[in-house]
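Here is the structure we will look at.
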Amino acid sequence: QVQLVESGGGLVQPGGSLRLSCAASGSIASINIMGWYRQAPGKERELVASITSIGSTNYADSVTGRFTISRDNAKNTWALQMNSLKPEDTAVYYCHARELRRFTVVVTTDYWGQGTQVTVSS
């Protein structure tokens, strides 16, 4: 069974920094896309950042220039460095992995972490 384990959440003051980490374990051949989502109270879950196996990145407009995603393909781990945090960044953050497999067509499989709380408040 594939499992994603998150760490690094917590309470931080506005303008501060936090680093989230995710590690994948279990029966998974490869992870093509690694990413982070977040969900604030009363809001829909949204993509924060993602990174492909070759290092291409994508960021939500709200975090561009402040957050950086990175990965270690060999270890199946990835991280989200969050700088200049704002109160509106407060949310439960979920790490995410997408596996792409080619049969007769490409099949996608998504895996999710358990979620970690990030609270930005003074």
Side-chain angles (χ1 to χ4, degrees):
Q1 183 177 3
V2 174
Q3 188 173 35
L4 306 185
V5 180
E6 305 177 29
S7 63
L11 174 65
V12 65
Q13 295 186 4
S17 298
L18 211 58
R19 185 178 179 88
L20 305 182
S21 298
C22 187
S25 63
S27 182
I28 182 169
S30 63
I31 302 174
N32 301 96
I33 305 173
M34 300 175 178
W36 293 91
Y37 286 73
R38 68 185 181 188
Q39 187 167 25
K43 302 291 185 179
E44 296 289 326
R45 185 174 298 186
E46 64 174 348
L47 175 68
V48 178
S50 64
I51 185 168
T52 70
S53 60
I54 60 172
S56 298
T57 58
N58 184 47
Y59 296 94
D61 290 342
S62 60
V63 307
T64 297
R66 299 188 297 120
F67 291 10
T68 303
I69 188 170
S70 61
R71 68 182 289 170
D72 186 327
N73 291 338
K75 297 180 179 180
N76 275 346
T77 61
W78 58 106
L80 183 68
Q81 179 65 45
M82 304 184 293
N83 298 325
S84 301
L85 283 161
K86 305 174 181 179
E88 51 263 44
D89 294 318
T90 296
V92 176
Y93 284 70
Y94 299 89
C95 63
H96 167 259
R98 173 163 287 179
E99 182 184 33
L100 304 178
R101 294 173 293 173
R102 176 71 180 271
F103 298 99
T104 56
V105 297
V106 174
V107 176
T108 65
T109 304
D110 293 315
Y111 304 96
W112 295 92
Q114 79 281 4
T116 184
Q117 178 70 48
V118 172
T119 302
V120 184
S121 177
S122 60

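Nothing here was measured: the structure is a model prediction, and the numbers come from that model.
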Side-chain polar contacts of residues 4-11 - donor-acceptor pairs under 3.5 angstrom, sequence neighbours left out - could you list them?
{"residue": "Glu6", "atom": "OE1", "partner": "Thr116", "partner atom": "N", "Å": "3.3"}
{"residue": "Glu6", "atom": "OE2", "partner": "Cys95", "partner atom": "N", "Å": "2.9"}
{"residue": "Glu6", "atom": "OE2", "partner": "Gly115", "partner atom": "N", "Å": "3.0"}

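- At least one side-chain heavy atom of Arg38 sits less than 4.5 Å from a side-chain heavy atom of Val63.
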Original post:
Can you check side-chain contact (heavy atoms from CB on, under 4.5 Å) on Lys86 and Arg66, steps first, answer last?
Top reply: CA-CA 10 Å; Lys86 305 174 181 179; Arg66 299 188 297 120; 3.8 Å; yes

**OP:** In sequence, state the C-alpha distance, the side-chain angles, and the governing distance for Ser50 and Trp36, and then conclude on side-chain contact (heavy atoms from CB on, under 4.5 Å).
**Re:** CA-CA 6 Å; Ser50 64; Trp36 293 91; over 6 Å; no

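- No side-chain heavy atom of Phe103 sits under 4.5 Å from any side-chain heavy atom of Val105.
- Using a 4.5 Å heavy-atom cutoff, the side chains of Leu47 and Asn58 are in contact.
- Asn32 places a side-chain N or O within donor-acceptor distance of the main-chain N or O of Leu100, the cut-off being under 3.5 Å.
- Proximity of Gln13 to Pro87: side-chain heavy atoms (C-beta onward) are nowhere separated by under 4.5 Å.
- Counting heavy atoms from C-beta on, the side chains of Leu20 and Met82 come closer than 4.5 Å.
- Residues Asn76 and Trp78 approach most closely at O-CZ3, 3.7 Å, considering heavy atoms.
- In terms of heavy atoms, Ala91 sits closest to Gln117 at O-NE2, 3.4 Å.
- Considering only heavy atoms from C-beta on, Val48 comes within 4.5 Å of Leu80 through its side chain.
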Subject >> Verdict with supporting geometry, Tyr111 and His96, side-chain contact (heavy atoms from CB on, under 4.5 Å) >> reply: CA-CA 6 Å; Tyr111 304 96; His96 167 259; over 6 Å; no

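- Relative to the six-membered ring of Tyr94, Arg45 meets both conditions, a distance below 6.0 Å and an angle of at most 45° to the axis.
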Original post:
Yes or no on side chain to side chain donor-acceptor pair (under 3.5 Å) for Ser17 and Asn83, after CA distance, side-chain angles and deciding distance?
Top reply: CA-CA 4 Å; Ser17 298; Asn83 298 325; 2.9 Å; yes

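- Minimum interatomic distance between Ile31 and Met34 (heavy atoms only, all atoms of both residues): CG2-CG, 3.6 Å.
- Partner of Ile51 under the side chain to side chain contact (heavy atoms under 4.5 Å, CB included) criterion, chosen from Thr68, Ile33, Ile69: Ile69.
- Inter-residue side-chain proximity for Ser53 and Arg71 is flagged as met; some heavy-atom pair is nearer than 4.5 Å.
- Hydrophobic cluster membership differs between Phe67 and Tyr37, with clusters built from Ile, Leu, Val, Met, Phe, Trp and Tyr side chains linked at under 4.5 angstrom.
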Subject >> Stepwise side-chain contact (heavy atoms from CB on, under 4.5 Å) check, Gln81 with Ser21 >> reply: CA-CA 9 Å; Gln81 179 65 45; Ser21 298; over 6 Å; no

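- Between the side chains of Glu88 and Thr90, no donor-acceptor pair is found at a separation under 3.5 Å.
- By the 4.5 Å heavy-atom criterion applied to side chains, Pro14 and Ser121 are not counted as neighbours.
- Residue Val92 is not grouped with residue Leu85 when hydrophobic side chains (ILVMFWY) are merged at heavy-atom distances under 4.5 angstrom, including chains of intermediate members.
- Pairing each heavy atom of Asp89 with each of Ser84, the nearest pair is OD2-O, 4.5 Å.
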